[in-house]
Amino acid sequence: MMIRLPLLLAASLALASAAAAAVEAPDLSPDLKINQIQVLGTHNSYHAAVDPHILAMMDGKLPSMGKIVASLPEAARRQFLIDHPNDVSFSQALDYSHPTLTRQLDLGVRGLEIDVNPDPEGGAYADPAAYRILRAQGVSDLLPFDPATVSAPGLKILHMPDVDFRSTCPTFRSCIAEIRTWSDRHPGHVPIFVMVEAKVKSFPILPGSKPVPPFTPQTYDEIDRTILEGIPRDRIITPDDVRGSYPTLEAAVLAGAWPTLGRSRGKVMFLLMTATGHDGAADYLIGHPGLKGRVAFMDSQPGQAHAAFILDDNAVARGDAIRDEVARGYFVRTRSDIETWEARINDPSRARAAFASGGQVVSTDYEVPPADPAHPYQVTLPGGQAARCNPVSGPGPCR
């Protein structure tokens, strides 16, 4: 036994190493470009459940989406309906949650979304007004929230200060570390596409809400710095990698200069966006024209020098536009469900439209079905692997 034990141990380690290094979606050609594949993503991937007491309180303070849209002028109403197409209440819109990033990656999710909030001094989000109000009312059975996890300086991960603040990875640094750890353990993985939403605007809703730190050009520098401190540069796909010798990033994209899947396995690509339109993160370009030297691609529109990534979430209303963007070479994120509506009525039509649009990342709130058996809605990538050939941009034989 003393002789065989090391041999058995070595064999076990070899098997474990081989499993970890297994190549995902092995039927996909390594010569496919990364814009010629499609993956499943999650929306607000860090999102832990909002306390039910908060949801009930907010329904009494805020109108439903339908009432909001009815009060808007025509042009604003049309845009609002693209972003928020269904009449849901505040509590319904926020009634979703995700397992940890690690669990999502284990399930085959390859598109993550993380909302970044500035906190240069620390503690800006450690005393949420909703919990303060509810505790003053005698409510004691609130869902767990540990202020210590968000007390140190650094970027914080949450959806809405004071109201929707629970996260499975409360700091940007911890989210990046979790992604890196999983990637280290699965070196043959399909590239992970991480949407980073810069929370450039916040709206105090509750009495006692404290002003939150502003988003500044320095905040964008901190985003890049935090990523590079957590993930080696040679394992990140950046705008400079795609641009190469082309005069602009868009020129490279339109020429099909995205890296191949074979060269991108084991890597991560970051995609910066805001909820305020394609140019909401324009300060990211300060000192970095065309995204030169930046870590992340930025939500853009065709015709801009830095155009490569486009946020186009409503594949029902904009399916033709998304197909055109994808066919031209752009990288698009779209959604299979918006604000829990599709799950409530078990309607897969938006998911079908999203996958058919060719959006390279199709994001859902339901990579696992809701706990409520009355709502069995779930979204999976057709084919059941971590990636598939893109139905719009992939080469003919692969489609």
Side-chain angles (χ1 to χ4, degrees), residues 20-42 105 107-112 179 182-183 186-195 231 234-246 249-271 296-297 300 302 307-312 315 319 322-334 336 351-352 354-364 379-399:
V23 173
E24 293 182 331
D27 57 317
L28 293 181
S29 168
D31 296 326
L32 283 175
K33 302 294 182 72
I34 60 170
N35 68 315
Q36 294 179 313
I37 65 172
Q38 188 176 61
V39 303
L40 182 69
T42 49
L105 292 167
L107 289 169
V109 169
R110 293 296 174 267
L112 301 173
I179 295 167
W182 189 92
S183 179
H186 303 82
H189 67 75
V190 168
I192 301 168
F193 304 102
V194 181
M195 272 67 62
I231 300 176
D234 63 1
R235 286 172 58 183
I236 302 172
I237 302 166
T238 72
D240 288 342
D241 296 332
V242 175
R243 184 188 305 104
S245 59
Y246 286 88
L249 180 58
E250 184 181 49
V253 165
L254 296 178
W258 291 101
T260 64
L261 175 61
R263 294 178 62 86
S264 301
R265 288 185 179 278
K267 294 186 179 183
V268 185
M269 188 166 95
F270 291 88
L271 307 159
F297 297 81
S300 57
F309 161 56
I310 300 175
L311 186 70
D312 214 339
I322 296 172
R323 276 186 286 275
D324 178 67
E325 291 159 355
V326 171
R328 293 172 65 190
Y330 299 103
F331 194 98
V332 178
R333 194 292 285 270
T334 194
S336 61
R352 286 197 294 262
F355 287 120
S357 75
Q360 285 87 353
V361 177
V362 176
S363 293
T364 181
V379 177
T380 58
L381 185 70
Q385 299 194 77
R388 71 165 182 163
C389 179
N390 193 291
V392 173
S393 61
C398 144
R399 282 182 281 161

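Position 1 is the first residue of the sequence; numbering continues from there.
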Answer whether the closest heavy-atom distance between the side chains of [X] and [Y] falls below 4.5 Å.
X	Y	answer
P191	L261	yes
L105	L112	yes
F297	V253	no
V362	S357	no

Is a side-chain N or O of T42 found less than 3.5 angstrom from the main chain of S363, in a donor-acceptor match?
no
Only counting residues at least two apart or in another chain, list the ones meeting salt bridge (Lys or Arg N to Asp or Glu O under 4.0 Å) with [X].
X	result
R333	E113, D313
R265	none
R352	none

If the condition is side chain to side chain contact (heavy atoms under 4.5 Å, CB included), which residues does [X] pass it with, not counting sequence neighbours?
X	value
S183	H189, R235
D27	A25, Q385
T380	Q378
A255	Y246

At their closest point, which heavy atom of [X] faces which heavy atom of [Y], and how far apart are they?
X	Y	value
A252	V242	CB-O, 3.4 Å
A356	P391	O-CG, 4.4 Å
I237	P259	CG2-CG, 4.0 Å
V379	S336	CG2-OG, 3.6 Å
G111	V361	CA-CG1, 4.1 Å
C389	G394	SG-CA, 3.8 Å

Results of side chain to side chain donor-acceptor pair (under 3.5 Å) for D312 - residues two or more places apart only
R318
Can you name the one residue among I34, V326, L271 that meets side-chain contact (heavy atoms from CB on, under 4.5 Å) with Q360?
V326
Suppose we screen for ring-ring contact (aromatic ring centres under 6.0 Å, His included). Which residues come up paired with F331, at least two apart in sequence or across chains?
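By the ring-ring contact (aromatic ring centres under 6.0 Å, His included) rule, F331 matches F193, W258.
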Y330: partners by ring-ring contact (aromatic ring centres under 6.0 Å, His included), with sequence neighbours left out
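With neighbours one apart ignored, the set is empty.
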Roughly how far, to the nearest 0.5 Å, is the [atom2] atom of [Y] from the [atom1] atom of [X]?
X	Y	atom1	atom2	answer
N390	L28	CG	CG	11.0 Å
K267	I236	NZ	CD1	10.0 Å
R263	D241	CZ	CG	9.5 Å
S264	I37	OG	CD1	8.0 Å
E250	S300	CD	OG	7.5 Å
L381	L107	CG	CG	13.0 Å

Pairs where residues 29-39 contributes a residue and the test side chain to side chain donor-acceptor pair (under 3.5 Å) is met, not counting sequence neighbours:
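Checked against side chain to side chain donor-acceptor pair (under 3.5 Å) - neighbours excluded - the pairs reaching residues 29-39 are Q38-R388.
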